[in-house]
Amino acid sequence: MSERLRLLSARIWRFVSAVSVRVKILGMALGLALLLGGGILWQVRAALAHTLQTQAESESVTLGRDLAARAADPILLNDLVGLQKLLNETLENNSDLRYAFITDKYGQVLVHTFGKGFPLALLDVNNANADEHHRTTVLQTEEGLVWDTAVPILEGRAGVIRVGISDANLRASIAAVSAQILLMMALVSAAGVLGAALLTFILTRPLQELVEATRRVAQGDFSPRVPRWADDEIGDLAEAFNAMTAELARADELRREREHLRRQLLEKVIATQEDERRRIARELHDSASQNLTSLMVGLKNIETICDNPRLRATVDELRGVASQTLDEVHEISARLRPRILDDLGLSAALERLTREWQARYKIPVDLLIHIGAERLPGEIETAIYRIVQESLTNAARYAEARSVSVLVERRGGEIVAVVEDDGQGFNLSQTIGDHRLGLVGMRERAELLGGQLTIESAPGQGVGIHVQIPLTRATP
Ligand SMILES: Nc1ncnc2c1ncn2[C@@H]1O[C@H](COP(=O)(O)OP(=O)(O)OP(=O)(O)O)[C@@H](O)[C@H]1O
Ligand SMILES: [Mg+2]
């Protein structure tokens, strides 16, 4: 039982909480009007019924007493015609009177108002003893209630008179009053609902505006302001909301400025880094390589003029060291900033990068480039090259991959690069927050150029780095 009650209350609560505030307030107003109207109607009907019943009873006694007094003389004179006339006239003049009849002291009916058929059963339902003032009983008839009063005439010596007062008029008056109350109730309810509708409109309109404005704020638009409709709590809420959005807008502006500055700084750092790398690579090439080459030529000369075989062997060895160092300097210089990237473009640079990587790590690389013969903007070439380079470095350091694939192509208005390995992969969430710069740097490079970088990986699933960079740079 209590479980059922709990379920019922839960269902009612679900229903009530699901409807809007507007419907709730209207429902409350209507419910209150109906409850109040119903209570008043019930109370008035009960009070009216009680008063009118008391009135019917006293009318029945008064009429019985009056007729008893007026019937005494005709009975003593044995004037049955006068007696009948008295009853008939009384019946005609009193619309509440249903019947009247007189019995003699032996209980025989002398006169009555029933026309031909007197209902004999009526004789037994009420009577008054000689010493009684009157006796009233309520009869339930087909027509309704009848207050039947018996009054002894001349202390019962001249018989008893009985009158029956019906409640039909009484019920009609109660019905009329009820109808009036109902009409009143309908009018008051309608006025109440109208008033409540107006009130809810006044109440919910600013709330709806607030909801709408909050949605826009949630979408990152801090411009909406709501009007202060009234000087109440909702007005205070609107003001607080406006202050909040103004503060949010200020904070957002500040954040944008900082982000702009950060981007500018980052762009500068990356550009400076590339320039620096280019400069060091050139220095290595122009100065260290030249010197090493001169050294090798000098050693060669010594070797040709020297007769001592031991010295020649040492010079030869030194020439080998110088040649190896020259190769290493070339390699370092190429890794710092491959001149081929500046001279021949992305395709050639990537081909060389993958070729050397493949040779060094003995892992096959599948390279596919579809970017056409036209050169791409320098910053995009550098970004794609560095992203592929870092992806390959990571693959060599961590992946233990069996193969790697690199795809770079022009798709519509953007350049897409995908580097995938079939190695052991990693858990993306665990690398966030570490002081590692590779993946973060790749993303920064892509985003600075208005592009995007996504990393797909899971332990045992390999790693996929996808980058898209628009050819015409979008304003970030
Ligand atoms: N191809 C890969 N296969 C497996 N794990 C990888 C791969 N690439 C990156 N990771 C994992 O992600 C981590 C973060 O890589 P990220 O390049 O950002 O930093 P790092 O290589 O450790 O340091 P940095 O690049 O700054 O020298 C790596 O430490 C490694 O655990
Ligand atoms: Mg790395």
Side-chain angles (χ1 to χ4, degrees), residues 259 262-263 265-281 284 328 331-338 341 346 349-369 379-409 415-469 476:
E259 177 66 10
R262 194 186 70 87
R263 276 174 176 278
L265 197 68
L266 207 62
E267 264 175 49
K268 196 145 185 70
V269 166
I270 289 178
T272 314
Q273 188 193 41
E274 287 300 327
D275 284 348
E276 191 62 10
R277 283 180 170 184
R278 200 180 278 124
R279 195 184 61 76
I280 297 172
L284 280 174
E328 280 171 11
E331 201 185 306
I332 293 171
S333 144
R335 249 188 285 158
L336 272 172
R337 175 75 196 185
L341 183 60
L346 185 61
L350 284 179
E351 270 160 24
R352 180 192 279 183
L353 174 72
T354 49
R355 200 171 50 243
E356 286 176 0
W357 188 88
Q358 190 166 279
R360 180 176 312 147
Y361 298 107
K362 309 280 180 285
I363 302 170
V365 182
D366 182 16
L367 176 69
L368 264 179
I369 303 178
E379 51 195 8
I380 295 184
E381 286 194 331
T382 305
I384 297 279
Y385 182 85
R386 293 294 182 208
I387 288 170
V388 174
Q389 190 182 32
E390 171 63 17
S391 303
L392 288 177
T393 307
N394 277 351
R397 274 160 92 180
Y398 315 111
E400 291 173 24
R402 269 167 291 133
S403 67
V404 175
S405 70
V406 178
L407 164 79
V408 181
E409 66 177 0
I415 293 290
V416 176
V418 182
V419 183
E420 287 175 332
D421 68 58
D422 57 0
Q424 58 189 7
F426 67 103
N427 194 336
L428 284 172
S429 56
Q430 280 173 9
T431 58
I432 293 171
D434 288 358
H435 299 285
R436 300 171 194 277
L437 294 177
L439 300 178
V440 178
M442 287 198 260
R443 176 163 287 134
E444 293 282 5
R445 277 183 187 275
E447 287 177 359
L448 271 178
L449 297 172
Q452 272 185 30
L453 182 129
T454 42
I455 305 162
E456 285 173 7
S457 186
Q461 306 280 306
V463 175
I465 308 282
H466 300 247
V467 56
Q468 292 155 262
I469 298 180

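Whatever order the structure lists ligands and atoms in, that order sets their numbers, starting from 1. Each residue takes its place number in the sequence, starting with 1. Not measured: the values here are computed from a predicted model.
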Practice task
Kindly indicate, with the supporting measurements, whether the criterion side chain to side chain contact (heavy atoms under 4.5 Å, CB included) is fulfilled by Arg386 and Gln273.
Solution key: CA-CA 12 Å; Arg386 293 294 182 208; Gln273 188 193 41; over 6 Å; no

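Within the structure, ligand 1 has Glu390 among the residues with a heavy atom less than 4.0 angstrom away. Proximity of Gly425 to ligand 1 is established by a heavy-atom distance of less than 4.0 Å.
The shortest N/O to N/O separation between Gly438 and ligand 1 falls below 3.5 Å. For Tyr398, a nitrogen or oxygen atom sits less than 3.5 Å from a nitrogen or oxygen atom of ligand 1, counting backbone and side chain alike.
Taking both residues in full, the closest heavy atoms of Asp422 and Ala401 are given as OD1-CB, 3.4 Å, listed atom of the first, atom of the second, then distance.
Residue-level proximity to ligand 1 for Arg397 is carried by the side chain, the only part with a heavy atom below 4.0 angstrom. Contacts with ligand 1 closer than 4.0 Å are made by heavy atoms of both the backbone and the side chain of Leu439.
Here the N, O or S atom of Glu390 that is nearest to the Mg ion (ligand 2) is OE2.
A heavy-atom distance below 4.5 Å is found between the side chains of Arg335 and Gln389. Inter-residue side-chain proximity for Met442 and Val467 is flagged as unmet; no heavy-atom pair is nearer than 4.5 Å.
Of the candidates Ile369, Val404, Leu392, Leu392 is the only one forming a side-chain contact (heavy atoms from CB on, under 4.5 Å) with Thr354.
With 2.8 Å as the limit, Asn394 counts as an N, O or S neighbour of the Mg ion (ligand 2).
Comparing Val419, Asn394, Asp421 against atom 1 (N) of ligand 1, the shortest heavy-atom distance belongs to Asp421.
In this structure, the side chain of Glu381 engages the main chain of Leu346 through a donor-acceptor pair within 3.5 Å.
Gln358 and Arg355 share no side-chain donor-acceptor pair at under 3.5 Å.
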